Amino acid sequence: MSQDDTPERYAPLVDALVARGWYQWPQALSTSLCQALLAEAEQHEADGHLEPAGVGRGVIHQVNATIRRDEIKWFDGRTAAQKAYLDQMAELQTYLNRSLFLGLFEYECHFARYQPGGFYKKHLDSFRGRASRMVSVVCYLNPEWRADWGGELVIYGENTEDTLAVIAPEMGKLVVFMSESMPHEVLPTQHPRTSIAGWFRCNASVMGKIDPPK
């Protein structure tokens, strides 16, 4: 995605979200941007700035290594690479709102770093009617990913055990899916695996209190 993109570039993504609830987009981001973002994630790891990821939000948030084993660092938008990535997500948000009238008003994301043995068991990013995450976006930052390293994203059918897709975490690939209806998991990885996990959110304010991100 770039400043020269035309709306037609996004049409297959929107069509797929409407038809089946998910879409994978190989080489959606430039290699140079992915490399810059990967370098940031690796530097955060070297500096000890990554934190064990938890499950749940707010008062029910907890770290549970039997469900997920990755470490994260939330974006703050201060670096050139983060700004470039967030600009592209803002562009996508605008197109989704114009096409699907979703009322998306915010995007939040973090680096996710899985070490060998890391995984994230089957889950939903949002439960219908109970949270504000509407559309999930995963961006992969892994160069020359090998099939025997595992670490695939598996997307399942809503209310079924059917496997809809098994997606390799290859550099530059975006996976976009509806947060409330697409169960998914990260299979155990045999090699360090880095991604950006993010969500477009609707306004879930209650009685004038703004629902906070994260």
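Owing to the predicted nature of the structure, the values given are computational and were not obtained by experimental measurement.
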Next item on the list: Give a yes or no on whether the backbone of Ala165 and the side-chain of Thr163 come within a donor-acceptor separation of less than 3.5 Å.
Entry: no
Check: Can you name the nearest heavy-atom pair linking Arg113 to Leu38, along with the distance?
Finding: NH1-CD1, 4.4 Å
Margin query: Check whether Thr189 reaches the backbone of His191 with its side chain - one donor and one acceptor, N or O, closer than 3.5 Å.
Written below: yes
Check: Are Phe177 and Val138 close enough that some pair of their side-chain heavy atoms sits under 4.5 Å apart?
Finding: yes
Next item on the list: Look at the side chain of Ser179 and the backbone N and O of Ser136, then say whether any donor-acceptor pair between them is shorter than 3.5 Å.
Entry: yes
Next item on the list: Report yes if the side chains of Leu17 and Leu96 come closer than 4.5 Å at any heavy-atom pair, otherwise no.
Entry: yes
Next item on the list: To the nearest 0.5 Å, tell me how far Met171 CE sits from Cys34 SG.
Entry: 5.5 Å
Next item on the list: May I ask you to check whether Trp74 and His49 place their ring centres under 6.0 Å from each other?
Entry: no
Checklist line | Trp145 side chain to Gly151 backbone, donor-acceptor under 3.5 Å | finding: no
Next item on the list: Measure the OH-SG distance between Tyr85 and Cys139 for me, rounded to the nearest 0.5 Å.
Entry: 4.5 Å
Margin query: Counting C-beta onward and ignoring hydrogens, is there a side-chain heavy-atom pair between Leu104 and Gln93 closer than 4.5 Å?
Written below: yes
Item checked: Side chain Asn142, main chain Glu170, donor-acceptor under 3.5 Å -> no
Next item on the list: Compare all side-chain heavy atoms of Ile167 with those of Lys173 and state whether any distance is below 4.5 angstrom.
Entry: yes
Check: Under a 4.5 Å cut-off applied to non-hydrogen side-chain atoms, are Ile155 and Val175 in contact?
Finding: yes
Next item on the list: Find out whether Leu174 and Gln24 are in side-chain contact, i.e. whether some heavy atom of one side chain is under 4.5 Å from a heavy atom of the other.
Entry: no
Note to self: Quick check on the hydrophobic clustering: are Leu33 and Val176 connected, directly or via other members, by side-chain heavy-atom contacts under 4.5 Å?
What the structure shows: yes
Item checked: Interatomic distance, Met182 atom CE to Leu153 atom CG [nearest 0.5 angstrom] -> 11.5 Å
Item checked: Which residues share a salt bridge (Lys or Arg N to Asp or Glu O under 4.0 Å) with Asp76, sequence neighbours left out -> Arg78
Margin query: Quick check: closest heavy atoms across Ile72 and Ala112, and the distance to 0.1 Å?
Written below: CG2-CA, 4.3 Å
Notebook entry, point to check: Between Gly150 and Pro169, what is the shortest heavy-atom contact and its length?
Noted result: O-CD, 4.2 Å
Next item on the list: For Asp125 and His184, test the side chains for any donor-to-acceptor distance below 3.5 angstrom and give the result as yes or no.
Entry: yes
Note to self: Given 3.5 Å as the limit, does a donor-acceptor pair link the side chain of His44 with the main chain of Glu42, or not?
What the structure shows: no
Margin query: Does either side chain, that of Glu185 or that of Tyr156, offer a donor lying less than 3.5 Å from an acceptor on the other one?
Written below: yes
Margin query: What I want to find out is whether Arg133 reaches Glu106 closely enough, with some N-O distance under 4.0 Å, to be called a salt bridge.
Written below: no
Item checked: Criterion side-chain contact (heavy atoms from CB on, under 4.5 Å) on Thr79 and Glu40, from CA distance to verdict -> CA-CA 9 Å; Thr79 68; Glu40 278 195 30; 2.4 Å; yes
Next item on the list: To the nearest 0.5 Å, tell me how far Leu124 CG sits from Glu158 CD.
Entry: 8.0 Å
Item checked: Side-chain (Arg20) to main-chain (Trp22) donor-acceptor, under 3.5 angstrom -> yes
Next item on the list: Scan side-chain atoms only and decide if Gln115 and Glu45 contain a donor-acceptor pair under the 3.5 Å cut-off.
Entry: yes
Notebook entry, point to check: Rounded to the nearest 0.5 Å, what separation is found between the CH2 atom of Trp199 and the OG atom of Ser126?
Noted result: 11.0 Å
Next item on the list: Measure across Val14 and Ser99 and return the closest heavy-atom pair with its distance rounded to 0.1 Å.
Entry: CG1-CB, 4.0 Å
Notebook entry, point to check: Is there a donor-acceptor pair under 3.5 Å between the side chain of Lys73 and the backbone N or O of Ala41?
Noted result: no
Note to self: Can you classify the ring geometry of Trp25 versus Tyr10 as parallel (below 30°), tilted (30 to 60°) or perpendicular (above 60°)?
What the structure shows: perpendicular
Check: Mind checking whether Phe200 and Tyr107 have parallel, tilted or perpendicular rings, split at 30° and 60°?
Finding: tilted
Next item on the list: Give the minimum heavy-atom separation between Phe119 and Leu187, together with the two atoms involved.
Entry: CB-C, 4.3 Å
Notebook entry, point to check: How many angstroms lie between atom CZ of Arg69 and atom OH of Tyr114, to the nearest 0.5 angstrom?
Noted result: 12.0 Å
Notebook entry, point to check: Counting N and O atoms only, with roles assigned by atom type, does the side chain of Ser195 sit under 3.5 Å from a partner on the main chain of Tyr140, one being a donor and the other an acceptor?
Noted result: no
Next item on the list: For Gln82 and Gly77, work out which heavy atoms get closest and say how close.
Entry: OE1-N, 2.7 Å
Check: Taking side chain as C-beta onward, heavy atoms only, is Leu29 less than 4.5 Å from Gln88?
Finding: yes
Item checked: Sub-4.5 Å side-chain heavy-atom contact between Leu37 and Phe111 -> yes
